[in-house]
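The block underneath contains the structure these notes are about, expressed in structure tokens.
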Amino acid sequence: TVGAVALDVNGDLAAGTSTGGMTNKKFGRIGDSPIIGAGTYADNQSCAISATGHGEFFIRAAVAHDICARVLYKKIPLQQAADEVIMEKLVNMKAEGGIVGMSPKGEPVFSFNSAGMYRGYIDAEGNIHTAIY
Amino acid sequence: NKVAIAIHGGAGTILKSNMTPELEAAYHKKMKQALSAGYKLLKQGESSIKAIQATIMIMEDSELFNAGKGAVFTHHKTNELDASIMEGRHLNAGAIAGVTKVKNPITLAHAVMVKSNHVMLSGEKAETFAKKQSIEMVSPDYFYTERRWQQLLNVLKDDSDSTQLSEDEQQSVSQASPFMSVQRWPDDKKFG
């Protein structure tokens, strides 16, 4: 699965996710990636999210929307909201994976409870940062 | 006027102890290329929607990631792709599921968002819509990669249901162990 979140000069957030699903999937199985609110969500008031992980759990936890809703209703930082969902809610469900997020101020956020997640961002000075573990 | 972009390329059991320097470098290089493409558009004043499409398409075109060209195989030995996109200003969204002939699924998700009254389209009929929107189509063979094919054969073999594999496929699995070594593809247990 791959995904991206961005903030443009007009202050508009966007999120996108694309995937090949999971190896050996049957019966037309679909995970969270194409599910708005689970694998992808964007709202200028709160955040943009793209998720990757154990799709069935991400759907049940409405991961992307839940993170944005926590930012909006609890008025907490995006990183805290993401960690509440990924590191607590999903861990309690025994689900693995993570998200990349973007705040309305252009702050990139990562949260994952697996050993690694391919990820990267470009900071305010235009420097590129990438990481795996 | 601040612009920003961030990406992920999948999560899971990815351990440094298993990663070769060459493969690690390849992932970093491709992620930097993808980020740069989106960031360049943002700096030019383009929309965040356009930027993330450009970024995701680069990763879809890479065999490294489980999306587009690098998609894994289903139980039925096909490649089925899903994608979604959403913009935060008006909460517009588009998604597609289970397509097999769309080169860049994110472009079709975007077309669903801006050129239809719907949010999600699926399967063959979604590809009919794609053709009407002049979305680039490819033969299903385009998505074949040896890495993902051997990955499926190994899973089928491990399922102990040998009837799922033809004689040639069983032979292919038995010959595939060097190619499919953990050292070469340490991220193959990451989730979809």
Side-chain angles (χ1 to χ4, degrees), chain A residues 1-10 12-26 28 30-31 33-36 39-44 48 50 52-55 96-98 100 102 105-108 110 112 114-122 124 126 128 130 132-133, chain B residues 1-16 24 27-28 31-32 35 38-39 42 45 47-49 51-52 55-56 59-60 65-68 71-75 79-89 91 93 95-98 105-106 119-120 151-152 155 191-192:
Chain A
T1 305
V2 304
V5 291
L7 175 73
D8 64 27
V9 289
N10 298 313
D12 290 328
L13 289 168
T17 311
S18 181
T19 190
M22 60 186 290
T23 302
N24 199 34
K25 68 178 183 179
K26 306 172 188 175
I30 291 169
S33 295
I35 309 294
I36 299 300
T40 303
Y41 197 75
D43 181 348
N44 279 4
S50 174
T52 175
H54 198 165
E96 283 192 44
V100 55
M102 183 67 69
K105 292 181 179 176
E107 300 153 330
F110 303 92
F112 58 99
S114 49
M117 182 172 78
Y118 298 105
R119 61 198 187 278
Y121 69 99
I122 297 186
I128 304 178
T130 57
I132 299 175
Y133 314 106
Chain B
N1 288 341
K2 184 177 181 181
V3 300
I5 188 164
I7 60 169
H8 71 75
T13 309
I14 312 163
L15 301 173
K16 188 171 181 61
E24 187 170 340
Y27 275 110
H28 283 292
M31 288 194 289
K32 286 175 180 173
L35 281 164
Y39 187 74
L42 291 169
S47 70
S48 51
I49 280 288
I52 63 166
T55 293
I56 288 174
M59 292 192 282
E60 285 179 336
F65 304 100
N66 177 20
V72 298
F73 280 86
T74 69
H75 178 76
N79 305 98
E80 293 181 359
L81 312 169
D82 313 322
S84 63
I85 195 166
M86 184 165 185
E87 58 94 0
R89 187 174 189 182
L91 305 184
I96 53 103
I106 196 68
V119 170
M120 178 183 276
Q151 193 177 348
L152 173 69
V155 171
F191 295 103

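Since the model is a prediction, treat every value here as computed from it, not as a measurement. Proteins get letters first, then strands, A, B, ... in listed order; numbering begins at 1 in each.
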For a quick test of reading the model, state the closest non-hydrogen atom pair linking B:I52 to A:G16 and the distance between them.
CD1-N, 3.4 Å

Can you tell me if A:S33 uses its side chain to pair, donor with acceptor, with the backbone of B:A83 under 3.5 Å?
no

One option among B:D82, B:V72, B:I85, B:L42 has the most heavy-atom pairs under 4.5 Å with chain A, and it is B:D82

Give me the ring orientation class for B:Y27 and A:Y118: parallel if the planes are under 30° apart, tilted from 30 to 60°, perpendicular past 60°.
parallel

Checking the side chain of A:D8 only, and the main-chain atoms of B:S47 only, is there a donor and an acceptor separated by less than 3.5 Å?
no

Validation row: B:N66, A:M22 side chains within 4.5 angstrom (heavy atoms):
no

Is there a side-chain contact between A:Y133 and B:L15, using heavy atoms and a 4.5 Å cut-off?
no

Looking only at non-hydrogen atoms, find the nearest pair between A:T130 and B:L35 and report the distance.
CG2-CD1, 4.1 Å

Taking side chain as C-beta onward, heavy atoms only, is B:M31 less than 4.5 Å from A:I128?
no

Name the member of A:T40, A:I35, A:I30 that forms the most heavy-atom pairs with chain B at distances under 4.5 Å.
A:T40

Where A:F110 and B:A6 come nearest, the two heavy atoms and their spacing
CZ-CB, 4.1 Å

For chain B, the option from A:G106, A:A15, A:A115, A:G39 that forms the most heavy-atom pairs under 4.5 Å:
A:A15

Return the minimal non-hydrogen interatomic distance between B:E80 and A:G28, and the atom names on each side.
OE1-CA, 4.4 Å

I need the minimum non-hydrogen distance between A:S50 and B:H8, along with the two atoms involved.
OG-NE2, 2.9 Å

Heavy-atom proximity to chain B below 4.5 Å, by part of A:I36
side chain

Checking B:S48 side chain against A:D12 main chain: does a donor-acceptor pair fall under 3.5 Å?
yes

How close do B:E60 and A:S18 get, heavy atom to heavy atom, and via which atoms?
OE2-OG, 2.5 Å

Taking the side chain as every heavy atom from C-beta outward, state whether A:V2 and B:I7 have any pair of such atoms under 4.5 Å apart.
no

Going from CG on A:N44 to CG on B:L91, what distance comes out if it is rounded to the nearest 0.5 angstrom?
8.0 Å

Option that, when pairs with chain B are counted at under 4.5 Å, heavy atom only, ranks first among A:T17, A:L13, A:I132, A:D43:
A:T17

Heavy-atom distance under 4.5 Å between the side chains of A:N24 and B:L152, does that happen here?
yes

